[in-house]
Amino acid sequence: MSDAKGPTLVISHPEMIEHDPGVGHPERPARLAALINDLSTQPIAGVTGQPARPATDAELLAVHTQHHVARLAALAGRNVEIDPDTRMSTRSHEAARLAAGGAVAAVEAVFSGAAANAFLWARPPGHHAESGVPMGFCLFNNVAVAAAAGRRLGAERIVVVDWDVHHGNGTQQIFARRPDVLTISTHQYPLYPGTGAADETGEGEGRGRAVNCPLPAGQTDADYGQVFDEIVMPIADAFRPQLVLVSAGFDAHVADPLGDMRVTERGFAAMCTRLRELADRHAEGRLVLVLEGGYDLEGLVASSRACLEVLTGTRTEDFPSGSQGAKAAVAASRSALAPYWPTLGA
């Protein structure tokens with residue numbers, strides 16, 4: 001792994017804490033407050049901060065419909081339930097604009113050389129939001145907005161790797177017909193939102209560009225290692241991305257209340273290590289993590305810190321050996337994807 005060429009940038013904004021889905025909602029303001037407090041009390045050498053700025057209409061419209069953007073703008077300043085999972089408070093629209101704009105700023109920073117890599121601490125999260133539908137706690141699709149920014153800045157091939165415990169349905173839907181954006185999702189299945197089967201491989205010109213590895217509950221760090229070794233990394237290397245984006249959800253953590261996986265901080269650090277190495281090989285180090293889920297505060301903070309240590313180059317991690325549970329899932333994904341990716345073999 002190459003040494004970092006500049007600082008690791010953390011982008012966030014205290015106004016994102018003002019997004020409040022309500023008492024008892026798992027996507028609570030304390031998530032971001034815990035991350036900010038941890039880094040402020042225990043700084044990491046090589047990490048610098050930058051406030052997020054609001055996304056422009058043009059940046060949002062690169063991936064969302066006019067109706068979607070206008071609908072959320074019309075709900076600004078109100079307390080409203082969009083669906084049983086997805087709610088807005090009086091400051092939610094501003095927070096969502098900052099989350100999406102922060103994603104653009106992160107991509108701009110790694111392209112300009114102002115940062116070696118970046119981690120956006122976003123609230124609300126984004127990967128469930130489709131082009132015209134807010135859902136699953138998500139209003140705007142932050143990582144999709146980041147990908148669109150990368151294309152504008154000249155990246156011809158972009159990979160979005162989603163290790164959240166839930167399938168990144170919104171990101172897949174937005175780019176399903178695009179050959180220039182490869183989406184890869186590892187997720188518990190079945191689980192919300194019910195999408196992400198192995199045979200969902202993209203549409204039209206984007207066939208083969210949606211990669212799904214749906215996993216049964218109970219998968220460990222070693223199991224995720226098998227998925228990365230046999231599916232994620234071979235395909236990503238064959239694609240040769242010029243920008244690596246990560247939907248970094250930490251709800252596959254062993255302590256998380258919304259998932260049934262058994263990933264630890266080591267597992268997340270190992271995934272981050274592999275993706276930093278991928279960015280070094282193909283994308284001049286351009287790597288941006290975008291926070292998605294993660295609802296156990298201790299697991300969220302420890303896993304985010306582990307990834308920041310990887311981004312700064314002070315930590316590298318590998319997966320433990322001994323995977324058993326992912327064998328069938330890997331075989332199903334390999335069967336669905338081999339026609340598009342010869343690197344997987346027959």
Side-chain angles (χ1 to χ4, degrees), residues 1 8 10 26-28 30-32 34-35 37-39 41-42 44 47 117 119-121 125 127 161-168 184-189 191-192 196 213-233 236 244 246-278 287 289-330:
M1 180 181 296
T8 289
V10 170
E27 209 292 279
R28 58 202 189 279
R31 298 178 65 235
L32 181 53
L35 290 171
N37 179 68
D38 177 70
L39 190 59
T41 57
Q42 301 181 75
I44 298 174
V47 174
N117 45 52
F119 195 164
L120 170 66
W121 288 348
H127 72 149
V161 179
D162 190 328
W163 70 47
D164 191 278
V165 80
H166 303 96
H167 178 236
I184 303 177
S185 184
T186 64
H187 46 274
Q188 184 177 328
Y189 186 88
L191 193 68
Y192 181 91
C213 195
L215 299 167
Q219 302 301 286
T220 65
D221 294 346
D223 298 322
Y224 274 74
Q226 183 181 10
V227 172
F228 265 65
D229 286 346
E230 298 192 29
I231 300 294
V232 177
M233 300 312 300
V244 179
V246 183
S247 271
F250 297 103
D251 39 9
H253 191 277
V254 63
D256 198 272
L258 295 194
D260 299 295
M261 294 304 200
R262 296 165 56 197
V263 180
T264 70
E265 298 89 82
R266 176 182 178 181
F268 288 115
M271 287 188 273
C272 193
T273 297
R274 296 294 178 86
L275 295 176
R276 186 180 168 193
E277 292 169 345
L278 176 75
L287 170 63
L289 274 61
V290 177
L291 181 65
E292 302 287 0
Y295 306 101
D296 175 80
L297 295 186
E298 290 184 5
L300 171 65
V301 168
S303 301
S304 297
R305 173 170 282 269
C307 288
L308 279 175
E309 291 169 350
V310 171
L311 293 179
T312 61
T314 60
R315 175 175 183 170
T316 60
E317 196 64 78
D318 203 355
F319 296 100
S321 59
S323 170
Q324 296 294 329
K327 183 177 181 180
V330 166

Legend entry - Min side-chain heavy-atom separation Met271-Val232 under 4.5 Å: no

Inset, instruction - Determine, step by step, whether Asp223 and Lys327 satisfy the salt bridge (Lys or Arg N to Asp or Glu O under 4.0 Å) criterion, reporting the C-alpha distance in whole Å, the side-chain angles of both residues, the deciding distance to 0.1 Å, and the verdict. - result: CA-CA 8 Å; Asp223 298 322; Lys327 183 177 181 180; over 6 Å; no

Legend entry - Pairwise side-chain contact, Leu289 with Leu291, heavy-atom cut-off 4.5 Å (strictly under): no

Inset, instruction - Indicate the atoms forming the closest heavy-atom contact of Pro214 with Tyr189, along with that distance. - result: CB-CB, 3.4 Å

Inset, instruction - Mind listing the closest non-hydrogen atom pair of Glu230 and Val330 along with its distance? - result: OE1-CG1, 3.4 Å

Legend entry - Gln42, CD atom: more than 12 neighbouring heavy atoms under 6.0 Å: yes

Inset, instruction - Please name the pair of heavy atoms, one in Leu300 and one in Gly294, separated by the smallest distance, quoted to 0.1 Å. - result: CD2-O, 3.7 Å

Legend entry - Student check: side-chain heavy atoms of Val310 and Phe268 closer than 4.5 Å: no

Legend entry - Polar side chain donor-acceptor pair, Glu292 to Ser247, under 3.5 angstrom: yes

Inset, instruction - Check for a donor-acceptor pair, side chain of Asp251 on one end and backbone N or O of Val165 on the other, with a separation under 3.5 Å. - result: yes

Legend entry - Presence of salt bridge, Arg262 and Asp221, under 4.0 angstrom: no

Inset, instruction - Scan side-chain atoms only and decide if Asp162 and His187 contain a donor-acceptor pair under the 3.5 Å cut-off. - result: no

Legend entry - Atom pair CG/CE of Asp164 and Met261 - distance to nearest 0.5 Å: 10.5 Å

Inset, instruction - Answer yes or no: is there a side-chain heavy-atom contact under 4.5 Å between Asp318 and Arg274? - result: yes

Inset, instruction - Keeping the roles fixed (side chain from Ser304, backbone from Val301), state whether a donor-acceptor pair exists under 3.5 Å. - result: no

Inset, instruction - For the pair Thr186 (side chain) and Cys213 (backbone), establish whether a donor and an acceptor sit closer than 3.5 Å, ignoring hydrogens and angles. - result: no

Legend entry - Non-hydrogen atoms of Asn117 and Arg276 that approach each other most closely: ND2-NE, 4.3 Å

Inset, instruction - Kindly assign one of parallel, tilted or perpendicular to the pair Phe119 and Phe250, based on the angle between their ring planes and the thresholds 30° and 60°. - result: tilted

Legend entry - Residue list, salt bridge (Lys or Arg N to Asp or Glu O under 4.0 Å) with Arg28, at least two apart or on another chain: none

Inset, instruction - Drop me the distance from Cys307's SG to Glu309's CD, to the nearest 0.5 angstrom. - result: 9.5 Å

Inset, instruction - Please round to the nearest 0.5 Å and tell me the distance separating atom CZ of Arg315 and atom CD of Glu265. - result: 8.0 Å

Inset, instruction - Over all heavy atoms of both residues, which pair between Ser185 and Gly168 is shortest? Give the atoms and the distance, please. - result: OG-N, 3.5 Å

Legend entry - Derivation and outcome, side chain to side chain contact (heavy atoms under 4.5 Å, CB included), residues Thr8 and Ile44: CA-CA 10 Å; Thr8 289; Ile44 298 174; over 6 Å; no

Inset, instruction - Locate the shortest heavy-atom distance separating Asp260 from Gln188; write the atom from each residue and the value. - result: N-OE1, 2.9 Å

